[in-house]
Amino acid sequence: MYKFVDDLNEHQRAAVTASPHSAVLVLAGPGTGKTKVITARVAYLLLHHKLPPQDVVVATFTKKAANEMVERLAVLLQPYPQIDAKKLLIGTFHSICVRILRKYGGLVGLNAGFKIADETDAKQLIKKVLRVMAESGLDVSLKDSDVKKYRAYISACKNKAQLPDQVPVSKKAGDTSIKLEVYTLYQEELARNNVIDFDDCLLLVHRLLAHHPSCMGRVKHVLVDEFQDTNKVQLELVYQLSGFNENYKHNVTAVGDPDQSIYAFRNAEAENFYRMEDYYRQKGVPVLKVALTQNYRSTSNILTLAEHLMNQQFARREQKYLRAHKKDDIPVQMFACATNKAEASTIAATIKQVVKPNGTQYSDIAILLRSGFLSRVIEQELIHANLPYQVVHGRSFWERREIRLLMDYLRAVASDMDWLGYSRCLDFQVSGLGAKSLLLLEEQLSAQRARNQPGNVYVMLESIARDGMKGITAKARAGIGEFVALIKKARELLLSDATEQQQLEKIFDHIVQHSRVVSVVNEERMDRKGDSQEEIEANLNELKNQLISFNLQEEDLLQDAYAEEDELEVAEQSFDLTASTSLEKLTQFLDSVYLYEETKIAEKTVSKVTITTVHGSKGLEWPVVFVPSLCEGIFPSQHATNDVGDTTKNEAALDEERRCMYVAVTRAKERLYLSYFRETLGFGFGDPVKRKSRFLNLPKGLVKVADTSVASTPNLLSSFQRNIKLNTGSLALGSGFQTASRLTGVSRLPDGAVKISKPRKKRLGMGRPLRFTKK
DNA sequence: AAGGCCACACTTTTT
DNA sequence: GTGTGGCCTT
């Protein structure tokens with residue numbers, strides 16, 4: 001029939017060829033061909049059942065997964081050029097929702113040109129709310145930890161589809177009422193700034209579809225990957241998206257594995273699998289459950305260990321018994337180390353042993369960590385051993401000062417209403433303008449809104465530059481004038497007679513030239529870091545490349561305009577939003593960045609060891625995997641081991657940690673190395689004395705306890721390390737590598753060190769979100 | 001408003 | 001050990 005169907009095993013085929021008029025639930029253990037099944041299912045729906053691609057929604061968990069699926073589909077569908085898979089509505093839940101909101105957001109009260117508030121924005125706004133509340137005499141603290149608490153509370157509410165007025169009144173009224181007040185005021189702040197947070201992306205579409213289900217009425221099938229990671233709102237979005245089209249009602253395919261649910265902290269509910277089953281059975285929709293148990297990835301040794309782990313779960317769990325396809329021979333190894341440093345050097349030494357010229361490459365190796373900060377010591381030792389590595393840890397690049405600032409400028413160019421972005425630009429650029437003036441400007445904006453004007457920041461600034469304003473000094477006024485001129489010029493470039501790429505490039509250069517971002521950020525860093533101007537410029541250059549090489553999404557995906565679209569209230573901008581495709585591209589670029597989507601980065605050809613978190617490793621595989629720092633309090637995390645006085649909660653937390661461990665070990669194809677240490681060196685987290693993780697209490701025979709004498713042998717002093725020692729003369733003692741391996745930037749390696757290992761521009765480590773190399 | 005100094009948090013994972 | 005933010009002074 002179709003080759004891609006013939007290539008499947010019996011269970012996979014059952015899932016792929018199941019009737020589209022049903023709910024198909026695929027329980028897919030690690031390495032059982034989950035992606036293969038979901039891609040084949042999409043292809044089958046398009047080819048065999050002739051569904052138009054633009055009517056099929058595929059929600060994945062990460063952008064990476066979406067990309068991979070698109071690529072694989074392109075291969076499957078190559079013999080069928082009549083199918084245009086590019087038209088699929090595919091992406092993360094968040095990005096799909098933002099695309100829907102860009103079109104229909106007006107129906108749920110959004111302004112055109114809304115922006116997405118990242119976590120920093122969100123916390124800033126909460127803090128502001130708290131400050132106002134404190135000033136009015138309420139007993140609230142402004143501590144960071146409290147801000148976090150409120151942030152988590154708000155997120156939890158939103159993930160349960162509860163807006164402030166929908167939060168059920170709880171028994172413990174006192175506490176809740178403050179939280180609710182914060183939540184309410186926070187929502188007002190978001191609206192005032194014309195931004196929505198991550199959770200709103202989902203929640204607003206949820207509300208949109210509740211009131212205007214026909215918006216997405218043409219959807220004919222909904223497929224969801226990593227279904228165990230969905231939260232309540234996402235589950236309901238699936239119901240909504242697939243619930244309107246009469247002829248294709250409840251046509252859903254969900255793929256996932258409850259054992260790999262590791263996002264409960266983000267309000268994911270693995271039970272959604274069972275909920276969905278019940279929901280559809282009650283509706284009389286045929287439900288087909290398929291379990292995939294043939295594992296194509298790992299050796300039986302690894303799978304046996306994984307299964308043993310999961311049998312320790314407190315919660316009830318369906319036994320899975322994955323069958324290994326591969327023959328096993330290499331035992332899982334475990335080493336006990338005296339210190340975290342010794343553990344790291346043991347890993348380095350082992351990597352040296354394992355890598356062979358025509359065999360295992362550096363890129364075949366991954367080190368999977370429970371938390372990001374653990375990479376510090378490991379990076380140090382890998383550098384000392386002169387081993388190439390990359391830390392794949394998405395956001396650090398985007399959190400750099402110069403990048404955030406440039407992004408704020410770009411936001412200002414793209415929108416008139418984005419006070420959050422504008423205020424940070426002003427604060428940065430305009431000397432003589434500080435907190436107090438910003439407050440004045442904000443009041444002025446509110447006054448405008450009170451008179452039912454949209455609160456156009458750009459227009460307001462323009463008039464202040466022209467006519468002045470009470471309370472704004474002449475100096476500040478002049479600065480505002482310069483800033484307005486900058487934005488104005490940038491917008492003129494948008495309309496210039498040049499290609500999109502040239503326009504964006506010019507805008508970028510214009511901002512860099514006139515904003516003094518480079519020199520100011522450089523000065524800010526001067527006192528401690530020494531010369532980093534090159535570095536800042538290199539980062540900005542990288543941002544520029546990302547911007548100009550960004551691919552515009554074909555927006556006819558959401559065409560088929562819905563009748564009520566006319567109701568869309570487009571708030572007035574001072575420039576014509578529709579005039580320029582560059583502006584559209586800019587807006588989409590900003591969306592994609594704030595949605596944490598992976599952006600295209602030039603593929604690095606050098607083979608490197610990958611260091612990443614367990615969460616970041618999901619869905620990936622390597623021939624050789626290290627899972628270090630298996631100590632009580634680290635893995636499982638303190639969070640789960642601390643007695644909270646509630647057995648159920650403790651057990652649930654430990655179960656999640658164990659699933660985390662399960663995900664980690666099942667990434668390995670051939671060799672798996674587990675390790676722990678007894679003492680933490682350096683400034684520490686909790687008690688420096690550590691105990692072996694409970695996850696390492698394995699029956700004899702499952703692991704081979706390896707010789708760790710290598711760790712204490714000081715034979716790892718490479719010429720590289722000696723060079724470093726020679727070059728540390730000019731550095732403040734101890735600052736070098738500590739800083740170097742901070743998650744915020746190996747890029748900040750002291751000059752000496754970087755120059756030795758690589759040419760300066762090819763910095764070690766991360767500092768930018770790298771792509772995983774294809775296996 | 002800007003710059004300097006001190007206290008304190010950082011250690012869960014991320015769309 | 002380092003970065004941030006708050007509070008102080010100028």
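Order of the sequence lines fixes the chain letters, A, B, ..., with proteins taken first and strands second; residue numbering starts at 1 for each chain.
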Just call it for [X]: base, sugar-phosphate, or nothing, with non-hydrogen atoms closer than 4.0 Å on any strand.
X: A/S431; value: sugar-phosphate
X: A/S437; value: sugar-phosphate
X: A/L433; value: sugar-phosphate

- Message: Is it the case that atom NZ in A/K341 sees more than 12 heavy atoms from other parts of the structure closer than 6.0 Å?
- Response: no
- Message: Could you check whether A/E657 pairs with A/R694 (Lys NZ or Arg NE/NH1/NH2 to Asp/Glu carboxylate O, under 4.0 Å)?
- Response: no
- Item | A/F373 aromatic ring stacked with six-membered ring of B/dT11, 5.5 Å and 30° | yes
- Decide, applying a 5.5 Å centre-distance limit and a 30° plane-angle limit (both strict), whether A/F265 stacks on B/dT13. yes
Under 3.5 Å, which N/O atoms of the protein pair with N/O atoms of nucleotides 6-8 of chain C?
from	atom 1	to	atom 2	distance (Å)
C/dG6	OP1	A/K127	NZ	3.1

Can you tell me how far [atom2] of [N] sits from [atom1] of [X], to the nearest Å?
X: A/E657; N: B/dT11; atom1: CD; atom2: P; answer: 15 Å
X: A/K436; N: B/dA2; atom1: NZ; atom2: C1'; answer: 14 Å
X: A/I262; N: B/dT13; atom1: CD1; atom2: P; answer: 12 Å
X: A/K123; N: C/dT4; atom1: NZ; atom2: C1'; answer: 13 Å
X: A/N159; N: B/dT14; atom1: CG; atom2: C1'; answer: 12 Å
X: A/D146; N: C/dG5; atom1: CG; atom2: P; answer: 16 Å
X: A/M661; N: B/dT13; atom1: CE; atom2: P; answer: 18 Å
X: A/E119; N: B/dT15; atom1: CD; atom2: P; answer: 11 Å

- Donor-acceptor contact present, side-chain A/S693 to main-chain A/F695, <3.5 Å: yes
- Task: Would you mind telling me which residue lines up with the more 5' stretch of DNA chain B, A/G432 or A/S637, judged by nearest nucleotide?
- Result: A/G432
- Which residue lies toward the 5' end of DNA chain B, A/E656 or A/V430, if each is placed at its nearest nucleotide? A/V430
- Item | Side-chain N,O (A/T613) to OP1/OP2 (B/dT14) below 4.0 Å | yes
- Message: Taking the six-membered ring of A/F428 as reference, does the cationic atom of A/R404 (NZ for Lys, CZ for Arg) lie under 6.0 Å from its centre and within 45° of its axis?
- Response: no
- Message: Ring centres under 6.0 Å, that's the criterion: do A/Y263 and A/F61 meet it?
- Response: yes
- Which value, rounded to the nearest 0.5 Å, describes the distance between A/L209 atom CG and A/E236 atom CD? 11.5 Å
- If you round to the nearest 0.5 Å, how far is CG of A/L654 from SG of A/C660? 12.0 Å
- Query: Looking at the side chain of A/R370, which of B/dT13, B/dT14, B/dA1 is the nearest nucleotide?
  - Reply: B/dT13
